[in-house]
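Written out below as structure tokens is the structure these notes cover.
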Amino acid sequence: MKLKKWFKPFESLSKRDDLLIRSIWFLVIVGYWFVATSGIKKLFPSPDQVWKGFAALYSEGLVVHIGSSLWLCLQATLISIIFSLIVAYSYPIPFLRPLPKLLSRLRYLPLTGITFYLTILVADARSMQVWVLVVFMSLYFITSLMAVIKDIPEEEIDHARSLKCSRWEILWEVIIKGRMDYVIDVLRQNLAITWMMLVTVESILIAAGGLGVLIKNSDKFMNHGRIVALQIVILLVGLAIDYSLTTLRKSVFRYSKFN
Amino acid sequence: MLYEKKDIILHVEDLSIAYGDKVIIQNVSMMEHDVVREGKVQGQTIAVLGRSGRGKSTLFRGITGLVAAKSGRVIIPDYSKAVTDGLQPAKLVAEGDVGFVDQKYTLFRHKTILDALLFSMRNTNLSGKEKLEKAMSYLVEWGLENVKHQYPNELSGGQRQRVAIIEQLLSSGHYLVLDEPFSGLDVGNIKNAKASFDLIECAHELNTIIFSTHDIELAVELADSIYIVGYPKKPEGGLDTIGTIVAHFDLKKMGIAWRDGFDADHLELTNEIKRVMLES
Ligand SMILES: Nc1ncnc2c1ncn2[C@@H]1O[C@H](COP(=O)(O)OP(=O)(O)OP(=O)(O)O)[C@@H](O)[C@H]1O
Ligand SMILES: [Mg+2]
């Protein structure tokens, strides 16, 4: 009776049932993990190995490394979001429009080309890491921000015009203030790319530490338990940032009701 | 039912509007006067009817100065200037002169109702306290007092519509253009909207509402002047594909304006309008 509902397309279930379904899946996956890795020959490390890997990571200063990664991420994000906002907000101005359009297309450039020029320009490795991230994140930010601006319906612009807003006032009220919450969401949506790049970029400079360095080290030892433990940590930190950004957006902008 | 025509309040002169190369409406001319009735403050209510896609919304964007005319012009009185030689100086309409409420009741998504109303008075020379008082008096009068701190997406359609109307009243003065203000409203909402019309009409002699609708009965009941936008007949037969005014009914002249409710004369006019619309 009730079970039938669980398989009915588009059916909405009670919160309790929802939780139940999620717990079942969680148990199935974890259970499968235990069972599948219980033999002698195995492709995937067992929970026990992963736990040991985690303990080893922790004693090597996992928390410090996470802090280092977050700090790098924060620096790069701040610089690139400010730059991207300025570029994207120039989109409504006809003379400046080619700029955001061009920059957004540059995201198809391969990473290696750009890092090459950056090595010439930036001497120390730490700034190098920041700038590689800034360049790449900016290209994606600009693309997403431009999409947000393009999606603003003409009625919203006309509404402001009919209230005697000057064109600059429209830019300020409708585009900048009126879409502030979308900026946070753009950050969140591009976080996955940033996070992935971060780990790659960090392996450029071992001394600076970070999650990327830990991955690289684990690679060397072919220590599967450690790698999986690290992956889980990286995943969880990423999800935590994702969640905090959504919470931030919803608490600061009460009217921001999308997802 | 005596009335007198005074100054011209809206003069659309041979207007045509094109999007790109595609001409949507052409040769549109309208002339409306301030109507004065003895012992009563009487604004003007003008309805624009026409079948879908004939160019009502486009005409409205022209009248409100939101889209530039391809040719022709829209002239309104310039009340910022003093009367000279018994004539009110006139000017070409510019964006913001005429309030415009679109069919979707668009508002600032990031402003609460109260903030939005205060914003629409930002160019007036009222003090902060006066602005607040004025905004509050409208909110009370239009039954929006308890939602004043809510954002547009926390309001019902009817509430949004009222806010959109008040914003325009506070910002642009006497003119208000409403594109399909009754679509999607229930009987109760329509009654409220009608009441809003009355409120606006009685508030000032010069207040003028221009609205479009697909509800012919409602237009006949509310308006004192009705324009039909449609495709004119071509001399060789068939219809043209560019909209224009194909008929104008002056209900004041016909003696059936400002009646209470819908009566037999109104029904007759409704049928006449239906006929005109079907042939254009
Ligand atoms: N931005 C635009 N670019 C090109 N053509 C347009 C544009 N907006 C409207 N049109 C065209 O202009 C014509 C008139 O449209 P308009 O919206 O003015 O009609 P309408 O009378 O308001 O119709 P409805 O009753 O369905 O709202 C239509 O054929 C439409 O396709
Ligand atoms: Mg329309």
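Computed over heavy atoms, backbone and side chain alike; hydrogens, waters and symmetry mates excluded. Every chain is numbered from 1 and lettered A, B, ... according to where its sequence line falls, protein lines coming before strand lines.
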Quiz prompt | Contact listing (chain A partner; residues 43-72 of chain B; heavy atom under 4.5 Å) | solution = B:Arg61, B:Gly65, B:Leu66
Quiz item: Between atom CD1 of A:Ile170 and atom CD of B:Glu95, what is the distance when rounded to the nearest 0.5 Å?
Solution: 6.5 Å
Quiz item: For A:Lys257, does the NZ atom have more than 12 heavy-atom neighbours from other residues, nucleotides or ligands under 6.0 Å away?
Solution: yes
Self-check item: Exercise: identify the closest heavy-atom pair between A:Ser162 and B:Ser171
Solution: O-OG, 4.1 Å
Quiz item: Which value, rounded to the nearest 0.5 Å, describes the distance between B:Gln168 atom CD and A:His159 atom NE2?
Solution: 6.0 Å
Self-check item: Inter-residue atom distance B:His110.NE2 - A:Ser256.OG, 0.5 Å rounding
Solution: 12.5 Å
Quiz item: Highest number of heavy-atom pairs under 4.5 Å with chain B: which of A:Glu155, A:Glu156, A:Arg179, A:Lys177?
Solution: A:Glu155
Self-check item: Residues from residues 141-161 of chain B approaching chain A under 4.5 Å (heavy atoms)
Solution: B:His149, B:Gln150, B:Tyr151, B:Asn153, B:Glu154
Quiz item: Can you tell me if CD on A:Glu11 sees more than 12 non-hydrogen neighbours from other groups inside 6.0 Å?
Solution: yes
Quiz item: Any chance CZ of A:Arg105 has more than 12 other-residue heavy atoms, nucleotides or ligands included, within less than 6.0 Å?
Solution: no
Quiz prompt | Residues in residues 115-123 of chain B that sit under 4.5 Å from chain A, counting heavy atoms only | solution = B:Phe119, B:Ser120, B:Arg122, B:Asn123
Exercise. Output the option from B:Leu107, B:Val101, B:Val98 having the highest count of non-hydrogen pairs under 4.5 Å with chain A.
Key: B:Leu107
Self-check item: Residues forming a side-chain contact (heavy atoms from CB on, under 4.5 Å) with B:Pro77, sequence neighbours excluded
Solution: B:Tyr79, B:Gln88, B:Tyr175
Self-check item: Heavy atoms from other residues, nucleotides or ligands near CZ of A:Arg97 exceed 12 (cutoff 6.0 Å)
Solution: yes
Quiz item: Does a salt bridge link A:Glu173 with B:Lys111, judged by any charged N lying under 4.0 Å from a carboxylate O?
Solution: yes
Practice problem: Answer yes or no: does atom CH2 of A:Trp195 have more than 12 heavy-atom neighbours from other residues, nucleotides or ligands under 6.0 Å? | Solution: yes
Practice problem: Kindly check if the number of other-residue, nucleotide or ligand heavy atoms within 6.0 Å of NZ (B:Lys104) is above 12? | Solution: no
